[in-house]
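One structure is given here, and the rest of the page talks about it.
Numbers restart at 1 for each chain; the letters A, B, ... are given by sequence-line order, proteins then strands. Note that the structure is predicted; figures quoted are calculated from it, not measured. Computation of the quantities below employed the complete heavy-atom set of this structure, encompassing side-chain atoms and omitting hydrogens, waters and symmetry-equivalent molecules.
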There are 2 protein chains.
Amino acid sequence: MTLEDVARAAGVHYSTVSRALDPNKVWRVNEVTRKHVQAVARRMGYQRDMVASGLKRGRTHTVAVVVPDLGNPFIAPILRGIANRLESAGLMPLIGETQDDSERLERILGHLVSRRVDAIILAAARLGDASVLRRVSRQGIPVVLAVRKVPGNRLPACTNDELLGGALAAEHLLALGHHRVAQLRGPSDFYSTLERAQGFSKAVAKAGAVELTVASTAGSPTPDEGARLMRLLLDRSRSVPTAVFAHHDLMALGALTAMRERGLECPKDISLVGFHDLPQVDRVTPPLTTVRQPGEELGRIAAEMTVAMLNSPAQPPSSRSLAPTLIVRQSTAPREPGSPPIESVRKSKP
Amino acid sequence: MTLEDVARAAGVHYSTVSRALDPNKVWRVNEVTRKHVQAVARRMGYQRDMVASGLKRGRTHTVAVVVPDLGNPFIAPILRGIANRLESAGLMPLIGETQDDSERLERILGHLVSRRVDAIILAAARLGDASVLRRVSRQGIPVVLAVRKVPGNRLPACTNDELLGGALAAEHLLALGHHRVAQLRGPSDFYSTLERAQGFSKAVAKAGAVELTVASTAGSPTPDEGARLMRLLLDRSRSVPTAVFAHHDLMALGALTAMRERGLECPKDISLVGFHDLPQVDRVTPPLTTVRQPGEELGRIAAEMTVAMLNSPAQPPSSRSLAPTLIVRQSTAPREPGSPPIESVRKSKP
DNA sequence: TTCACCTAGGCAAACGTTTGACACGTTGGG
DNA sequence: CCCAACGTGTCAAACGTTTGCCTAGGTGAA
């Protein structure tokens, strides 16, 4: 079913059909023929072939969305925000999953330029990805970064205000009277975790409290990695923190199990703050105090920036960072003056 | 950068380049020219234009994946399974979200046929959607159903064995000695919830236990709806169940809050089984006994069936249903001989 | 009446690939 | 020596749109 079929049925030339069906070109065709053609087209159930149209116009009305991990619950709302905003602009999301693997990312980006997507929303950038991105955006495909920035790059980005996020966590813990605090850091090649860590550390330093550090960072933001880092932290010989900031709720959950292994209670012995406010973390034991990231809005704005770039390629939108909010629940508590001595911790090691 | 550019650089005709670069056509071109052409193409960074190719070949190498709700955590693993399997077949997923709205579904399907996707994986079918589906598949686009079937339809489907799922829940509760049980049903226009309910009811009837029913079903599978149904159930004047099967973990979580409102404890007063085994339901209080659906595998197999249909359109693959497994945690317990009288329940109403 | 101008619609050339048909040159058998 | 067969590469026609340009009328003013 092509333009020509419709044209034949309507008794006009197929270019006329094309114009009658294109909202931007209807002025080129008479009111009455237009109505007639539209009626015929509808009756025949004609659907414009977008791939032919895409070939001709160079617009596929498709936007790639590249995420690290579809299974990670914090991706879902972002995806949702993106999809909704794109749909209202007549665009559809084509998705790719990198699994935080640079080779996969490169392969996927190749596919995407090959498919001539109109733009790419990249929520999976890592620190080392600057050069690939340059290559892609030199091809003329607009790229907007979401969630994770990458430095040395003029690409517009929509991110959390990570400095603020880290600071919120720190200030909350400090306000509760904690002096010895620590972080369980996310993967070191995400710009987001760097800033998050920095925001936290700065606030701690400013308050004159002490931050105990673990050399290691999480390989991926999972409960297992959170547990590993927590164990490392508890194994320190000199001192143990009374409050901990995990860079990801999943890591926080892992940290909770690690604490339980050692016979420590949260928040009585150690307070814990997570990040993201994943679904259901308000229902775990204890309900998790966490820094909420506005996932859906973040996605929506990233998509918004994308359509802005498509509409006026000359003026790239400026980056935005969204303020997270602290959600206080029950995994944080005031420091007990006599917090448990280190010995008791080490003794109860299995 | 087109075939012609590469051809010019390599000193051959562009059709030769096309063949040299197409794995299925390389036999038409001499080993040495082939190598040469490939080298030149790689050096120039040529990428075949898939939209032109798609127009010519009628294959876009794109598969639509239509889901009800990107924000629902039980979708994520399915999406992941699909994406992984598709990627290994050189296909990319184009996603659409229906929000369980028939109009949206129809609009999205329209877009999809317009884009000439190679196939559609529909994980968002509802009972009333048979006719739209017929229309689409008469257009010649392969459709495979995932998660939710729709009756009166020869479309291949990959689903949970819902009858078994319901039965597993029932048998577990019966084995714990519960005589008065009930279900919190999911939306009545999902085929999956119908079967799930039926599997449960049959097992209950077979064991001669009594199933208390609530007339209402959930409008959507959310905690709020779960809570609503649970309140309805507890408001029954005659008797209250000692065990409840919620058709969705989220509904189960809502049911828990409803129980707490009434001063009831889980599992002491009422045992509760959920469905899906969403991430983190092992960490809520009490850790949820639930029926685990193999989400990622389900997605993988749906994708598998899709590529099978693309490779041999003549022989549509037969439907498959995957066995769920019961995950016993701590929201279920043996019935206490003297379970609380109805009065105590009603008195503690706020 | 002539001419300029306008409107509405037809014509045909793209967009970048793919692919059947063909051409050309070589080889081998009769 | 001729013809068939084969291997390799070129030609050109699609695929279904979009769109600049042109034409054919029609209108109004000089």
Side-chain angles (χ1 to χ4, degrees), chain A residues 1-38 40-41 44-62 90 111 113-118 139-141, chain B residues 1-38 40-41 44-62 90 111 113-118 139-141:
Chain A
M1 159 98 25
T2 72
L3 279 182
E4 199 160 357
D5 299 319
V6 180
R8 224 190 330 271
V12 295
H13 193 263
Y14 64 91
S15 66
T16 306
V17 179
S18 173
R19 286 194 263 254
L21 262 32
D22 179 348
N24 300 317
K25 287 280 157 42
V26 276
W27 57 271
R28 294 280 281 98
V29 32
N30 187 303
E31 175 81 10
V32 357
T33 33
R34 199 198 79 209
K35 291 245 156 149
H36 174 222
V37 168
Q38 289 178 339
V40 171
M44 300 178 68
Y46 169 80
Q47 296 251 59
R48 180 230 249 67
D49 183 331
M50 290 306 286
V51 8
S53 169
L55 174 59
K56 183 63 184 156
R57 291 224 244 226
R59 279 289 188 103
T60 54
H61 294 273
T62 300
H111 282 160
V113 326
S114 182
R115 277 155 197 280
R116 306 293 189 260
V117 296
D118 291 343
Q139 301 242 0
I141 303 183
Chain B
M1 159 98 25
T2 72
L3 279 182
E4 199 160 356
D5 299 320
V6 180
R8 224 189 332 271
V12 295
H13 194 264
Y14 64 91
S15 65
T16 305
V17 179
S18 173
R19 284 196 260 257
L21 263 31
D22 180 348
N24 300 318
K25 286 280 160 40
V26 276
W27 57 269
R28 290 281 280 99
V29 34
N30 186 305
E31 176 80 10
V32 358
T33 32
R34 199 199 78 208
K35 291 249 156 145
H36 174 223
V37 168
Q38 288 179 339
V40 171
M44 301 178 68
Y46 170 78
Q47 296 253 57
R48 176 229 251 72
D49 183 330
M50 290 305 287
V51 8
S53 169
L55 174 59
K56 181 63 184 160
R57 291 226 244 227
R59 280 288 189 102
T60 54
H61 294 273
T62 300
H111 282 160
V113 327
S114 181
R115 277 156 196 279
R116 304 294 189 262
V117 295
D118 292 343
Q139 301 241 1
I141 304 183

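- Look at CG on A:Asn24: it is 17 Å from P on D:dT17, rounded to the nearest Å.
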Side chain to side chain contact (heavy atoms under 4.5 Å, CB included) for B:His36 and B:Val40? Distances and angles first, verdict last.
CA-CA 6 Å; B:His36 174 223; B:Val40 171; 3.6 Å; yes
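- Here B:Lys25 does not reach the OP1 or OP2 of C:dT18: none of its side-chain N or O atoms lies under 4.0 Å away.
- Residues A:Val29 and B:Tyr46 both approach DNA chain C. Their nearest nucleotides, taken by heavy-atom distance, put A:Val29 toward the 5′ side.
- Rounded to whole Å, atom P of D:dC6 lies 18 Å from atom CG of B:Asn30.
- In this structure, B:Ser53 reaches the sugar-phosphate backbone alone: every heavy-atom distance under 4.0 Å involves primed, P, OP1 or OP2 atoms, never a base.
- Put simply, A:Arg34 has no side-chain N or O that comes within less than 4.0 Å of OP1 or OP2 on C:dG9.
- Taking 4.0 angstrom as the limit, B:Ser18 places a side-chain polar atom (N or O) nearer than this to OP1 or OP2 of C:dT18.
- Listed here is the closest heavy atom pair of A:Val37 and A:Ala10: CG2-CB, 4.3 Å.
- B:Val51 comes within contact range of no nucleotide atom at all, as no heavy-atom separation falls under 4.0 Å.
- In terms of phosphate contacts, A:Arg116 brings no side-chain nitrogen or oxygen within less than 4.0 Å of OP1 or OP2 of C:dC15.
- Summarising the geometry of A:Val51 relative to B:Arg116, their closest heavy-atom pair is CG1-CG, 3.6 Å, with the distance given to 0.1 Å.
- The CZ atom of B:Arg59 sits 19 Å away from the C1' atom of D:dG16 (whole-angstrom rounding).
- For D:dG9, its base sits under 3.5 Å from the side chain of B:Arg28 at one donor and acceptor pair at least.
- With D:dT19, D:dC11, C:dG16 as the choices, the nucleotide that has an atom nearest any side-chain atom of B:Lys56 turns out to be C:dG16.
- If you take CZ of A:Arg8 and P of D:dG16, they are 12 Å apart, rounded to a whole angstrom.
- Donor-acceptor pairing under 3.5 Å is recorded for the side chains of B:Thr62 and A:Arg115.
- Computed from coordinates, the B:Arg19 CZ to C:dG20 C1' distance equals 9 Å when rounded to whole Å.
- Closest heavy-atom contact between B:Thr2 and B:Tyr46: C-CE1, 3.6 Å.
- Regarding B:His13, its NE2 atom lies at a distance of 8 Å from the C1' atom of D:dA12, rounded to whole Å.
- Here B:Ser15 lies in heavy-atom contact (under 4.0 Å) with a base.
- We find that CG of B:Leu3 is positioned 19 Å from P of D:dA14, with the value rounded to whole Å.
- Checking C:dT17, D:dT17, D:dC11 against every side-chain atom of B:Arg48, the shortest atom distance belongs to C:dT17.
- In this structure, B:Thr16 and B:Asp49 both approach DNA chain C, and ranking their closest nucleotides by distance from the 5' end singles out B:Asp49.
- Closest-nucleotide positions on DNA chain D for B:Arg57 and B:Glu31 were compared, and the one nearer the 5' end corresponds to B:Glu31.
- At least one side-chain nitrogen or oxygen of B:Thr33 sits closer than 4.0 Å to the OP1 or OP2 atom of D:dG9.
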